[in-house]
Amino acid sequence: MGFIKHFQRQKVGVHPHRIIFEKENTENTYISWEDKMKPRIDLDDGITQEEYQALAARWEEMLSLAEEIIWQNYLNPKSDDLMSEVDSFPDIRYLTGHYYVGDVSYGYIYRDKKYRAYHIKEGRLRHKHHNGKEWLEEWLPLDSPEITRYYQILLSLHLTGDESGKEEDYMGLDLEAEFVELSDPLEFEILSHDVI
């Protein structure tokens, strides 16, 4: 699209609309716009079937929260976070308002009282971090009273755009929610957004 046509496009807000693909993702693999398949589902080893069913039952709630994030941060033309300069990303003028779910992951994350993340490794909890010179590891037993186990949902969304004159993948948006009890309120945070 030429420089003049780029500026002629209006900064118009469109509300998010989820595209639902019916084609089964039989290999449960990463998907893109061309694949037009259902999302990949990833379950941590420790998640029970009952926990998975309870988490998956909140699917519409998750999508409603995700759509509010998409609207407020990327599609609302009155948002101060939107970029309008040429070659900025994301550019509201290219976003179609359509999105689909690429991946959803259900699992656990373990955090200490300072909210540092631990993961299970070799039968213990490990916190790995960098001190500016080298990687360091801190270990705790699985039953450490210092640790709280959180449920973690990672939602990977693909927003489509028409930058090249046809609808295709434009932006990836990763969201995360953490909560202690299955019935706790959900709140997603943006982990990242990037070019697809």
Side-chain angles (χ1 to χ4, degrees), residues 13-76 90 95-113 115-121 123 125 142-160 167 169-194 196:
V14 290
H15 285 275
H17 173 74
R18 180 168 60 111
I19 300 169
I20 302 171
F21 297 125
E22 296 300 323
K23 183 178 175 185
E24 293 294 331
N25 188 346
T26 55
E27 300 294 321
N28 204 32
T29 58
Y30 174 85
I31 62 168
S32 69
W33 176 252
E34 290 79 23
D35 299 316
K36 295 185 172 28
M37 289 192 297
K38 292 184 177 182
R40 174 174 59 178
I41 308 292
D42 182 44
L43 301 176
D44 276 4
D45 290 339
I47 289 285
T48 67
Q49 192 61 30
E50 292 78 20
E51 288 172 319
Y52 168 63
Q53 293 299 327
L55 293 169
R58 300 181 75 175
W59 184 244
E60 293 304 322
E61 178 186 1
M62 288 183 236
L63 294 177
S64 178
L65 293 168
E67 287 183 5
E68 184 61 27
I69 289 171
I70 293 170
W71 169 250
Q72 292 300 332
N73 293 277
Y74 303 102
L75 297 177
N76 183 347
L95 288 165
T96 64
H98 296 156
Y99 77 95
Y100 63 96
V101 180
D103 295 91
V104 59
S105 172
Y106 301 106
Y108 303 122
I109 190 164
Y110 302 84
R111 295 200 179 270
D112 64 14
K113 295 189 185 311
Y115 208 66
R116 297 181 303 173
Y118 284 73
H119 299 277
I120 295 177
K121 183 163 182 153
L125 292 167
L142 289 175
D143 61 353
S144 171
E146 298 294 313
I147 296 293
T148 301
R149 184 190 77 177
Y150 293 83
Y151 290 101
Q152 181 184 56
I153 299 173
L154 298 172
L155 201 55
S156 177
L157 307 176
H158 296 227
L159 281 66
T160 68
E167 187 173 18
D169 280 333
Y170 179 72
M171 183 180 89
L173 175 62
D174 295 325
L175 305 176
E176 176 190 37
E178 294 181 10
F179 46 97
V180 176
E181 301 293 337
L182 286 170
S183 59
D184 284 350
L186 283 181
E187 186 175 327
F188 280 105
E189 293 183 8
I190 297 173
L191 284 180
S192 65
H193 71 248
D194 54 16
I196 297 182

Test of understanding: with side chain to side chain donor-acceptor pair (under 3.5 Å), list the residues that count as partners of E24, not counting sequence neighbours. K38
Grab the two heavy atoms, one from P90 and one from Y74, that are nearest each other, plus how far apart they are. CG-CD2, 3.7 Å
Side chains of T96 and V14: does their closest heavy-atom pair fall under 4.5 Å? no
Between the CD atom in E67 and the CG atom in L75, the distance rounded to the nearest 0.5 Å is 10.0 Å
Heavy-atom closest pair (L157 atom, A66 atom, distance to 0.1 Å) is CD1-CB, 3.9 Å
So do I196 and S32 actually touch side chain to side chain, heavy atoms under 4.5 Å? no
What distance do H98 atom NE2 and I19 atom CD1 have between them, rounded to the nearest 0.5 Å? 5.5 Å
Listing, residues 143-150 side-chain donor-acceptor contacts under 3.5 Å, not counting sequence neighbours, or none:
unit_1	atom_1	unit_2	atom_2	d
S144	OG	E146	N	3.1
R149	NH2	Y151	OH	3.4

Locate the shortest heavy-atom distance separating L186 from A177; write the atom from each residue and the value. CD2-CB, 4.3 Å
CG on D35 to CG on N25, rounded to 0.5 Å: 8.0 Å
Is I120 close to L125 at the side-chain level, that is, under 4.5 Å between some pair of heavy atoms? yes
So if I apply the side-chain hydrogen bond (donor to acceptor under 3.5 Å, both in side chains) rule between H158 and each of W33, Y99, Y100, which one comes out positive? Y100
Side-chain heavy atoms of I190 within contact of L173, under 4.5 Å: yes
Side chain proximity check, I153 to F188, heavy atoms < 4.5 angstrom: yes
Specify whether W71 and H15 have parallel, tilted or perpendicular ring planes, treating 30° as the upper limit for parallel and 60° as the lower limit for perpendicular. parallel
Side chain Y108, main chain G46, donor-acceptor under 3.5 Å: yes
Would you say that L154 contacts L191 through its side chain, given a criterion of any heavy-atom pair below 4.5 Å between the two side chains? yes
Please report the shortest heavy-atom distance between M37 and I31, naming the atom on each side. O-CD1, 3.2 Å
Please list every donor-acceptor pair under 3.5 Å in which a side-chain atom of residues 53-63 meets a protein atom from a residue at least two apart or in another chain.
unit_1	atom_1	unit_2	atom_2	d
R58	NE	E61	OE1	2.9
R58	NH1	L182	O	2.7
R58	NH1	D184	O	2.9
R58	NH2	E61	OE1	3.3
R58	NH2	E61	OE2	3.1
R58	NH2	D184	O	2.9

Do N28 side-chain atoms and D42 backbone N/O form a donor-acceptor pair below 3.5 Å? no
Just verifying a value: how many Å separate Q152 CD and D44 CG, rounded to the nearest 0.5 Å? 7.5 Å
Hey, what do you get for CD (E68) to CG (N76), rounding to the nearest 0.5 Å? 9.0 Å
Can you list everything that forms a ring pair (Phe, Tyr, Trp, His ring centres under 6.0 Å) with Y170? Sequence neighbours excluded, please. F89
For residues I109 and H119, determine if any side-chain heavy atom of one lies less than 4.5 Å from a side-chain heavy atom of the other. yes
Beyond-backbone contact of K36 with K23, side-chain heavy atoms, under 4.5 angstrom: no
Please indicate whether D194 has more than 12 foreign heavy atoms, meaning atoms of other residues, nucleotides or ligands, lying under 6.0 Å from its CG. yes
Of all residues at least two apart in sequence or in a different chain, which pass the side chain to side chain donor-acceptor pair (under 3.5 Å) check with Y106? none
Those residues at least two apart in sequence (or on a different chain) that pass side chain to side chain donor-acceptor pair (under 3.5 Å) with S156 are D174
Straight-line distance of I70 CD1 to L65 CG, nearest 0.5 Å: 11.0 Å
